[in-house]
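The next block holds one structure in the form of structure tokens; read it before the comments.
Numbered from 1 within each chain, the chains take letters A, B, ... in sequence-line order.
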Amino acid sequence: MITAGVDMGAQSVKVVILGDGKVLARSLVPTGFEPLEAAKTALDEAIKSAGVSRDDVKRVVATGAGRKSATFADSSLTEVTADAKGVNWLQPSVRTIVDIGAEEARGISCDAQGKVLDFAKNDKCAAGSGAFVESMARALEIKVPEMIELSLKSTKDAPINATCAVFAESEVVSLIHSKVEKADIAHAVHDAIASRVASMVRRIPVENDVALIGGVANNAAIVDVMKKHLEVDVVIPENPQFVSALGAALSAAA
Amino acid sequence: MTTEYFRWTEYTWKDPDIDWRKADTLVAGIDVGSVSSQAVVLADDKIYCYCNTRTGSNSPDSAKNALGQALEGTGIKDEDLQFVVGTGYGRVNIPMAKKAITEIACHARGANYMGGPTIRTILDMGGQDLKGIHCDERGKVTQFLMNDKCAAGTGRGMEVMAELLQVPIVDVGQMSLDVPEEPEPVSSTCVIFAKSEAIGLLRSGWTKNMVLAAYCSAMAHRVVGLLERIGIEKEFTITGGISKNVGVTSRILKELGGIEAVPLAPDAQIAGAVGASLFARDLLLKSRR
Amino acid sequence: MSAIEKFEEILENRHQYAKDWKQRTGGKVTGWLCTYVPVELLYAAGMLPVRILGTHEVQDVTDRYLFPTVCPFSRDALAQGLKGRYDYLDGLTMSRTCSHVQGTFDNWRNYVPIPFSHYIWLPCHRESPRAVPCLRGELLDLKQAIEKFTGVTVSDEDLDKAIELYNTNRRLMRQVYEFRKSDDLPITGAEAMEMVVASQLMDVVEHNKLLEDLLAELPNRKLDREAGLRLMMIGSEMDDIVFVRMLEELGCTVVIDEHCTGSRYFWDDVIPEEDRLGAIARRYITRWPCPAVSSEFNDRGDRIMQHAKDWDTQGVLLYQQKFCDPHEFDIPSLAQNFKELDIPTLVLEFDVTIPFGQFRTRIEAFLEMAELEVF
Amino acid sequence: MTTNVKYKSKPLDCWQWGKELRLEAYQDLISGHEQGKLLVLGCAATPYGMLAGLGDFVFLAGEPYGASIAADPPFSIPCMEAYEAKGYSRDMCGYMRNFLGSMYLDKYYFTGGSFPKFDFAWSVRHCPAGHPKWHQLVSEYQGIPMNYIDDETMLSNEGDPQHRIDYVAGQYLDTIEWMEKVTGRTYDDEKAIEAMRNYFRNEALWGEICLLNGAVPAPLDIKSLFALMPISMLRRHEKIATQFLETLRDEVKDRIANQIAAVPTERYRMNMLTPPPWSFLKIFRYLENFGVVFVGTYVYLINSGEVKFLIDEGKVIPATVPEERPGWPEMKNREDMCRTIARWRAEHPFQSHLDTRKKEYVILFRHWNGDAYLLLLNRGCVPMTTSMYDFQRDLQSHGIAVAMFEGNFADCRDIDETGVLDRLEAFLEGQGIHELKEA
Ligand SMILES: Nc1ncnc2c1ncn2[C@@H]1O[C@H](COP(=O)(O)OP(=O)(O)O)[C@@H](O)[C@H]1O
Ligand SMILES: Nc1ncnc2c1ncn2[C@@H]1O[C@H](COP(=O)(O)OP(=O)(O)O)[C@@H](O)[C@H]1O
Ligand code: SF4
Ligand code: SF4
Ligand code: SF4
């Protein structure tokens, strides 16, 4: 059976097409102003690159912040469940999942079957999300990939206390003024967000194996500091940004 | 070619009737804020010229740039200025300033100068701070309150919104008033999340104007919360960049029970720099004594 | 090394000090969380009472124990326990005061192994004549619990000696505070704070000795800068020396305080009675009240206003740990009292996640506002 | 096509009577003075039956009044703003902020008109900063005398509690004299004792009714409990309350016998520990769409009622009244009464120590045939929230599913409704519970 999972994220829509236990295709389209259009486009793209037709796709399950508006989907699933399903399929040994997306971070604890045991989420504040990283990169006047690279070269700790992304931006600016190395500032930024996320994730039991997913899992600098803050080793499943979509596709197949 | 909607117009102004060479005292105040920088030159007790520009990535350059633009075409050279006071978020990093004074004191003093000695309460809404200030008849601060921890309801947020909706920031206020009825305020004024909230609203069929109205009114509400904590004594006035956003100011005044705000001429956004220049003059005169 | 330098050194190496003390004396170290824990009783039982304090760093270990609106001090204190920085403690005690620090105590007991712990149910109806006998009962429980734990009986002589030592400690610190009334200040607020915080970490005999040294030094001591505005600090827990130094650098000197790592802790003596535990109980019921215990605001308010007058206060910093409801309650009334005397006040809420720069701007603006004739 | 409805349902027969009794109490606060009654401000934990010794009185507990306002945002928001305008901050007790705002605005919530002026305030210090300080502000503002009882003995389980009971009993005795002084009335011991007997009886009845809700399907749900609770909360000292509660109890038994459910779609049972977010009671309706019924909340079981936990046996049973307990003396005079009250309070589950409380939560959960607990991280009340993570961990260690959300129970501006619903949906999904499709 062929199914599709559509993750309607705050920043981008991710689609995974699954056929008989194999990922046939993925696609990613920025959410933009018209999430529904973006989702349809993403779905079409994925179907096309899977080399199948829309009718071949038996069930479509939507997840993500915009899931309720997914008129094209057969049903919907919260990100929490989707994450657990997706990770469990990829790496059944995982008991703790950390998902950092553009505007939200989640910690999920699950069992060997991928059943959610407990979860925690951050509140309505950008601290501890991909958006925080992006706005700090803007303050440093560099691109995110560059900031990651710099961060990994850092040798000294620098403090960023503010949780508010806007105030943190001015802390970054004053660090620049006091001639702190850009690499160390970049590191401080990643450290700050990892600390917020770790603090939230700790509300659930953190047990091995711990997986980091979501778009921000692509950020090597975050991965690095997350390990330090959670005091555990972290595994990154392949294509971490697509795990929620995968979970949705799996639930469609079930 | 992309338009930068968040950019407000930068400008300079000069009083053609004043001959600065005849002035006994010639001083300047420079306000380097988190978003904008202003320089004001005072010839005796009159504003001779000023400039309002965007803050760059570092304070010294922003200060130089603001002052440079203000002085352009006036014939004043840096060394002609007898005293310079710096204020604002970058105040300690202004090379030509002999003294740094906080923006709180400066806004009060500037508002007192521009709006008259009857002003008792000042609301300063800037790039990332909200301040409620009480002052006496000489413009001396008697009490103040500032937001902390969260920048919701500040100028940066409005810029993000302007950019997102692709509406020039200078038009935001007017447009937000042009709605059939006042919508519910948005629930999150978080600068970072404003974006997804707005997208959600647009998606559910709201017009840009309505989204702006909802955002302006949420912002006004936050501000009123702060003002209520410090209390309002009349006369009341508003300084800082957001004072130019009628969408926010009119809603604040309405929520405060229809009180009036004393208009500040020539420009409410330069209140901090005006205050700084007045302090510069005081200090100069004091040093001569 | 001067006495002040010594205090500073002990503050920096507080854990080492306690460990050394343990090694040196073979005694037990007991942590305490709130100034209503009767240190004289712990000391009489041969223990070193050590106050649990935080480090003012951002940390991420307490969020799973304390919910988000617990005061930063209580979080910071618990973080120290969770991080094992107090792993040398033999005991932990706490006295019933406020719900925030109650969370610290409960979680510490549950999640950080500790051989001995005891909760003192402080009767908080200070105005009631029933409070002293009740606290006496609690102290008896504590005494018996300690005796059971250490296997040593606390005699009347032990109690007398401890009471005397702590009374001396209090008297000497009050004498130091007397010096702060002078126009020609010999000691900064940060230094005085170091002295008081050290008294909460050190063996009282050693602290008393350092106090004698300090009192001998003070008549010839001078500040290396202008004193500036004479400031009073009022509020909740505060041991952030770095902050106080920054504050004083901006053009003021703290001349008097009212908080629990300051005068509130040591102001009142135990007045000896035949019934020793009763005497200690009476001290803690009638002592300078913490707002978490006091319900009659005016009592605390009157004492504060008297302090402000006696130390010739020109400005007041009213601060609180964020979310500290006990202190928040009193702030509007206190601000009003000072307003009537034309003494300016600044209210600050503390939280490690607030960048220093924001405090700085507020303090500078406040000092500008407080300066009698600006320019 | 399947139907989701599994059980019969119908409204309570005594509903209307309950509403009338509630309203009478609220109206009395306005007209009480004219009828020569004393108006007394207290809190939910005040054993106000004692006041009967002074003659007729009307009693208002601060918390339920604050809660009622909180449930009505258009009234609540101006109240909280009026309170903030006095310089007090948002992180204090949410109930208090609504209450004080209503006082400052001079607007009485229930029946309109001016805010009542009390003869005196008499609180219980069971919240460190909260209660006495709250009453202090009222007392200063209205210029009325205040006093309080310090009685939070639950915080300790060390040593012999006798000196604590003496302390509490002594305070009650002293307060009686104080009341005589501030009102100029003479205290009639017998009347007080009689009212306290009613008080104990009604508490036990309320506890019994709540326990009946362990039946499947639940005959009542949390919404009906909230609506009926004020009778127990405000009129516990009256005979009429006994009549009502007995009628209610019998009706509930009848519903159980006939399998009449509060929520006809019941398939998943949840409990709470705290009060709900009052401005967001629709959360319960929303969850009914998933077939979720809220059976009860611990706090109101032990706040307006009394039950007996048999910790070792893992059981909870209805409470008896103090005088019928083995070894408890009859109340003959005010000393006896004060001592009985102090001891009754000390042994009441209201005063259970944290360690005991955790066990009670598990017992109650099993008694109520629960499927999950819903915990509120309440930004509006520190004492009720301090140990919430500890409770969560403990419940989970007993294999109990726990959902948690954060918000303020009395400030509609401080709760993210969509976020909360989203969270709950994710939780239920994990439990295999999905929204019911229309039949
Ligand atoms: N290669 C990458 N390196 C660093 N960050 C990345 C990378 N890819 C995505 N991100 C970050 O991940 C976030 C988007 O994550 P995603 O899980 O897709 O969010 P959402 O589902 O909310 O749209 C963005 O903040 C983006 O900056
Ligand atoms: N002409 C204008 N019309 C509308 N809004 C404006 C205008 N100029 C500035 N603003 C708003 O004012 C904010 C800057 O405020 P300002 O007081 O100058 O900041 P700073 O804190 O840097 O001193 C901008 O972010 C923008 O939202
Ligand atoms: S403005 Fe700052 S603190 Fe406020 S919600 Fe947004 S990121 Fe968080
Ligand atoms: S009194 Fe205040 S500072 Fe002290 S522990 Fe309680 S909340 Fe924290
Ligand atoms: S904060 Fe909580 S415990 Fe305290 S008075 Fe309010 S509701 Fe009661």
Strictly below 4.0 Å, N to O, side chains only: are C/Arg109 and D/Glu158 in salt-bridge contact? yes
Scan residues 149-177 of chain D for pairs that pass ring-ring contact (aromatic ring centres under 6.0 Å, His included), counting only residues two or more places apart or in two chains. C/Trp121-D/Tyr167
For chain D, which residues from residues 69-81 of chain C have at least one heavy atom closer than 4.5 Å to it? C/Thr69
Between CD of D/Gln162 and SG of C/Cys134, what distance do you get to the nearest 0.5 Å? 11.0 Å
Distance from D/Leu155 atom CG to C/Asp106 atom CG, nearest 0.5 Å? 8.0 Å
Proximity breakdown for D/Asn147 and chain C, heavy-atom pairs closer than 4.5 Å: side chain
Would you check, one step at a time, whether the test salt bridge (charged side-chain N to carboxylate O under 4.0 Å, His left out) holds for D/Lys133 with C/Asp330? CA-CA 9 Å; D/Lys133 291 266 183 184; C/Asp330 284 358; 3.0 Å; yes
Quick one: of C/Gly103, C/Pro332, C/Ala335, who has the most non-hydrogen atom pairs under 4.5 Å with chain D? C/Pro332
Side chain, backbone, both or neither: which part of D/Thr153 has a non-hydrogen atom closer than 4.5 Å to chain C? both
Can you name the residues that form a ring-ring contact (aromatic ring centres under 6.0 Å, His included) with C/Phe67, not counting sequence neighbours? none
Contacting moiety of D/Arg90, where chain C heavy atoms sit under 4.5 Å: neither
Residues D/Asp174, C/Arg130: salt bridge by 4.0 Å N-O rule: yes
When rounded to the nearest 0.5 Å, the distance separating OG1 of C/Thr62 from OH of D/Tyr389 is 9.5 Å
Residues that D/Asp390 engages under salt bridge (charged side-chain N to carboxylate O under 4.0 Å, His left out), provided they are two or more places apart: D/Lys358
Do C/Glu328 and D/Ser89 have side-chain N/O donor and acceptor atoms under 3.5 Å apart? yes
Quick check for you: to the nearest 0.5 Å, what is the distance between D/Ser156 atom OG and C/Met94 atom CE? 11.0 Å
Euclidean distance, C/Ser333 OG relative to D/Tyr88 OH, rounded to 0.5 Å: 4.5 Å
Against the six-membered ring of C/Phe323, is D/Arg379 placed for a cation-pi contact (under 6.0 Å from the centre, within 45° of the normal)? no
